[in-house]
Amino acid sequence: MGWQITSQSNPRYDSMQGIQSVFEPRSIQADAILALSNWVFAAGSLIFVLVMALLAWAIISRRRHPPLRNTVFIAIGGFAFPAVTLSILMVFTVLVSLHITSPAGENAVRIHVTGHMWWWEVQYEGPDGERIETANELHLPIDRPVSITVTSEDVIHSFWIPSLAGKVDMIPGHVNEITFTPTEAGVMRGQCAEYCGLQHAKMAFYVVVEPAEQFDQWLEEQAQPAVEPVPDLLKAGQQAFVDQGCGSCHAVRGLPGAVGQIGPDLTHVGSRLSIGAGWLDGSVGNLAGWIASSQHIKPGNRMPSFDRLDGKTLRALAAWLESLE
Ligand code: HEC
Ligand SMILES: [Cu+2]
């Protein structure tokens, strides 16, 4: 059978299959882009084969003159044919470009994403135009246009969700917009597509496309402040967060003093699929591991490892963060 990754050897691999692929389009725009690419690939391959066949014929036949008179041959092969094919392609490309860049319209979901080395700051526009802050994960409703404006806080990044849309550059001091309409529910993955330093490869995020009611509920939950902890363990975790000064880099809405902007908003970090910008699954164990050794997990990132915390404190801290749903 040969070497093969199966669901038995790596269950994660199967569930991840196709979640970050231009060949599995899940929006109107990604469909159009794939169709255009297929036509270009097919036409290009056909022309390549044709030219190679002519070349082979010229070499093998050893005739001094082509079957057609030179001028006719050049007029057709060198002028008419490229002019016609390239014109068709241009019209096709312009039509697709117009189609995929059309404005998202009034009822669009509006999102603003800012790239940081090496994570994503996300702000949703709420029903009254207010900003709802989160990070490193997007939720989108099916069949409703989405407008995402992007910019950067430091270097140039590139925002790319292959299954949903093309790439768009995130440039400091400049705002770009991308619009698309997801057509299928599911979990997809986005990735920074412009080299942005040491941890560029670990700058990713998940996108959850879901039915409208679920999306509305999610957004409503994200707008809420963090819940007050009740059990002692969670209370101790919240206290450790305050004592360690985590709030100087991280915001947790509802927790006095936790208004930092250097790291991701943690108000609902427990609801996210991943931590470390798409790098680890979101779980209480991974949260503890991240806090204790973020510099081993993602060397050079802007959060120091808190490797001197005692086990009890670390467990409490991780449990509290996990409870922030
Ligand atoms: C000096 C600033 C700084 C301090 C202090 C800090 N962090 Fe962070 N933290 C960051 C940055 C920056 C990131 C994003 C790292 C990345 O993914 O590149 C981060 C990421 C995280 C994440 C992952 C969030 C996500 O959505 O991926 C968690 C959880 C977290 N920090 C918890 C803590 C806790 C708990 C403390 C205190 C013990 C703390 N941080 C202290 C800067 C800081
Ligand atoms: Cu980047």
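Note that ligands are numbered from 1 as they come in the structure, with each ligand's atoms numbered from 1 the same way.
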For ligand 1, the portion of [X] having any non-hydrogen atom under 4.0 Å away:
{"X": "M203", "answer": "neither"}
{"X": "W279", "answer": "neither"}
{"X": "L266", "answer": "side chain"}
{"X": "R272", "answer": "side chain"}

In H157, the N/O/S atom nearest the Cu ion (ligand 2) carries the name ND1

As a check for students: among K298, Q244, H268, identify the option with a heavy atom nearest to atom 16 (C) of ligand 1.
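The option holding the nearest heavy atom is K298.
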
Counting heavy atoms only, which of G263, C246, C249 is nearest atom 4 (C) of ligand 1?
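Ranked by closest heavy atom to atom 4 (C) of ligand 1, first place is C249.
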
Would you say the side chains of [X] and [Y] form a donor-acceptor pair under 3.5 Å?
{"X": "H112", "Y": "E125", "value": "yes"}
{"X": "S147", "Y": "E177", "value": "yes"}
{"X": "T267", "Y": "D265", "value": "yes"}
{"X": "E221", "Y": "Q217", "value": "yes"}

Among all protein heavy atoms, pick out the one at the shortest distance from [atom]; state its residue, atom name and that distance to 0.1 Å.
{"atom": "atom 40 (N) of ligand 1", "answer": "H250 NE2, 2.8 Å"}
{"atom": "atom 15 (C) of ligand 1", "answer": "N301 OD1, 3.4 Å"}
{"atom": "atom 21 (C) of ligand 1", "answer": "W290 NE1, 3.1 Å"}

Atoms in ligand 1 flagged as close to [X], the criterion being non-hydrogen separation under 4.0 Å:
{"X": "I262", "value": "12 (C)"}
{"X": "P264", "value": "11 (C), 13 (C), 14 (C), 19 (C), 20 (C), 24 (C)"}
{"X": "N136", "value": "25 (C), 26 (O), 27 (O)"}
{"X": "F306", "value": "5 (C), 37 (C), 38 (C), 39 (C), 41 (C)"}
{"X": "A277", "value": "27 (O)"}
{"X": "L321", "value": "35 (C)"}
{"X": "G276", "value": "17 (O), 23 (C), 25 (C), 27 (O)"}
{"X": "L287", "value": "29 (C)"}

Within 6.0 Å of [atom1] in [X], more than 12 heavy atoms from elsewhere:
{"X": "H296", "atom1": "NE2", "result": "no"}
{"X": "K312", "atom1": "NZ", "result": "no"}
{"X": "Q295", "atom1": "CD", "result": "yes"}

With the threshold set at under 4.0 angstrom, would you say A135 reaches ligand 1 through any of its heavy atoms?
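No.
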
Atom CG in L98, atom OG in S102: separation rounded to 0.5 Å?
8.5 Å

Mind checking the CH2-CD spacing from W120 to E137? Nearest 0.5 Å is all I need.
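Going from the CH2 atom of W120 to the CD atom of E137 covers 14.0 Å.
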
Going by the angle between their ring planes, with limits at 30° and 60°, are H250 and F241 parallel, tilted or perpendicular?
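Tilted: the ring planes of H250 and F241 meet at 30° to 60°.
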
Parallel, tilted or perpendicular, as decided by the 30° and 60° cut-offs, for the rings of Y124 and F215
tilted

Using 2.8 Å as the threshold, say whether any N, O or S atom from M203 sits that close to the Cu ion (ligand 2).
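Coordinating: yes.
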
Of all the atoms in C192, is at least one N, O or S atom closer to the Cu ion (ligand 2) than 2.8 Å?
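Yes, C192 qualifies, because one of its backbone or side-chain N, O or S atoms lies under 2.8 Å.
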
Going by the side chain to side chain contact (heavy atoms under 4.5 Å, CB included) test, name the single residue among I178, T149, V113 that passes it with V168.
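Going through I178, T149, V113 one by one, the side chain to side chain contact (heavy atoms under 4.5 Å, CB included) with V168 is satisfied by I178 alone.
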
Under 2.8 Å from atom 8 (Fe) of ligand 1 - does any N, O or S atom of M303 fall there?
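Looking at M303, which is the residue asked about, there is an N, O or S atom under 2.8 Å from atom 8 (Fe) of ligand 1.
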
For the residue pair V146 and L138, establish whether any side-chain heavy-atom pair is separated by less than 4.5 Å.
no

